[in-house]
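Worksheet: one structure, shown below.
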Amino acid sequence: KQWYQRRVRGNEIREPQKERKKVLFFQLGVGQQTLPYCEAPNDLFVSNFPNLTLRMVQTITRHGDRTMVIRFENDHTLWECNLTFTEIPSLNNNNTTTTDRLYRKSYLNDREVIHPGNCNLGQLTSKGYDQHYRLGAKLRNLYVDTYKFLSANFDPTEVWVRSTDVPRTIQSAQGLLNGFYPRIFQNVNNTISVLNINTIEEEMDDMLPSSTLCPGIDDLIVAIVSDPLYLNYQNKYSALLASLQVILNNNSTPPLFWTEIMDGFSALQCHNMPFPQGVTQQTVNIAYEIAYWQFNFIVENSSYVSYSIGRFYTELLSRMSSVIQGNNQPKFLLYSAHDATIASILSGMGLYETWPAYASHMQIELWSDKTGSQWYVLTKSNGVPVQPLGCTDVLCPFTQFSARLNKFVPTTQQCKSTPSSFPFF
């Protein structure tokens, strides 16, 4: 719980099967300089359903590459961030604004937690912005150029955007939209178009694990990490963890968690920066393996999925149900979120494999036959069609898809208490 609070939400845990261990070592690779974790694939599969019509696309993304969310005391790497915000206060909700001045938020050199440099903890990098810009261009190629599903010119009635209230997810959404519609903003009589990025304060956001929305989740996490399997695994590496605290000159209370150590190492490795003195690639690879194990252990817990993302499932389903009922809805909805968001969504669908990379993305496409009597859902993970559990085909009947997700929607009473058991998938 303490780690979960120090970061912007969730990392989790499970005993890896032999198949998963093979995947992990294949992905990490001893001595490998570039990790798949540094960027998810952005190629998008083109579906060919001649007798069906695409009706809605909901895209969920993880933010792009960022700086580390903790700092190693003996790490003196120079971080320089050129990506900033330029903005003005808005006194209304108009779709255009007039201004002759913008304000830039700029961090002072060598005054931040990450020093030397001018970067903030967890700040989206120019690389992360570019990852989403390129993803947006791929989405445009698919849904505008290939499918002719969306208008060539931006139409605010077709696109709706939501982000967690975190700078890196907001900027990731902006990058994606700029790649999707690179000519969205045109100055006419000194006016600038305004596009809303909807958000919810963190405590009430159902795209994040929230003890406000589901109070039982805190006790649930404590119960899961008190499982003997987890404790035995943790104790197995306690001496190594203690030695790393010394090597990294860490004096924080509580000490760094494996997931935090992995985060710091991967941030450095994704930028080809050196590890702190005394840290070898072999140690880094071990840290990755342990952290991945811990992440998987909670994410693949069915109660955790229910408590952390079940309410958001309701939102995804209600959007599709509204279209099926004949109501107007935006055709393309973007949700800019975090690794825990993507991981939990995939886990509930029985599709989770490994820790989501930067700029990971899902598309949940709603299709119908020409009469509008048969409805189907096509789920894509990093552009590749996948078959959720409970579905008889990759192109899943909506009734089967909704039945699977509804299993994880918690009741108010469930959210108030810790379940007596918490099975793994």
For Gln171 and Tyr129 the tightest heavy-atom approach is O-CD1, 3.8 Å

Using the ring centroid of each side chain, check whether Trp79 and His271 are separated by less than 6.0 Å.
yes

Report, as yes or no, whether the 6.0 Å neighbourhood of atom CD on Glu315 holds more than 12 heavy atoms from other residues, nucleotides or ligands.
yes

Could you tell me whether Arg55 and Asp369 have a side-chain N and a carboxylate O separated by less than 4.0 Å?
no

Could you check, using the six-membered ring where one of them is a Trp, whether Tyr143 and Phe180 have ring centers closer than 6.0 angstrom?
no

Pair Glu39 + Arg134: basic N to acidic O under 4.0 Å:
yes

Just so I know, are the side chains of Leu317 and Phe401 near enough to count as touching, which here means a heavy-atom distance under 4.5 Å?
yes

Phe332 ring center near Trp160 ring center (under 6.0 Å)
no

Flag yes if more than 12 heavy atoms outside Asn328 fall under 6.0 Å of its CG atom; otherwise flag no.
no

Applying side-chain hydrogen bond (donor to acceptor under 3.5 Å, both in side chains), which residue pairs with at least one partner in residues 376-389 are found, sequence neighbours left out?
Glu365-Lys380

Show me the pairs that pass disulfide bond (SG atoms under 2.5 Å apart) and involve residues 303-349, at least two apart or across chains.
none

Would you say Pro255 and Leu241 make side-chain contact, with heavy atoms under 4.5 Å?
no

CG/Asn93: more than 12 non-hydrogen atoms of other groups inside 6.0 Å
no

Charged N-O contact under 4.0 Å between Asp65 and Arg168:
no

Between Arg311 and Asp205, is there a side-chain N and carboxylate O pair less than 4.0 Å apart?
no

Where the side chain of Asn406 meets the backbone of Ser402, is there a donor-acceptor pair that is under 3.5 Å apart?
yes

Taking the side chain as every heavy atom from C-beta outward, state whether Leu139 and Leu135 have any atom pair closer than 4.5 Å.
yes

May I ask you to check whether over 12 heavy atoms, not counting those of Phe85, lie within 6.0 Å of atom CZ?
yes

So for atom CG, which belongs to Leu91, do other residues, nucleotides or ligands contribute more than 12 heavy atoms lying within a distance under 6.0 Å?
no

Strictly by modelled atom types, are Thr283 and Thr280 linked by a side-chain donor-acceptor pair under 3.5 Å?
yes

If you count the non-hydrogen atoms of other residues, nucleotides and ligands that lie under 6.0 Å from NZ in Lys127, is the total more than 12?
yes

Do Leu366 and Arg319 come within less than 4.5 Å of each other through their side chains, counting heavy atoms only?
no

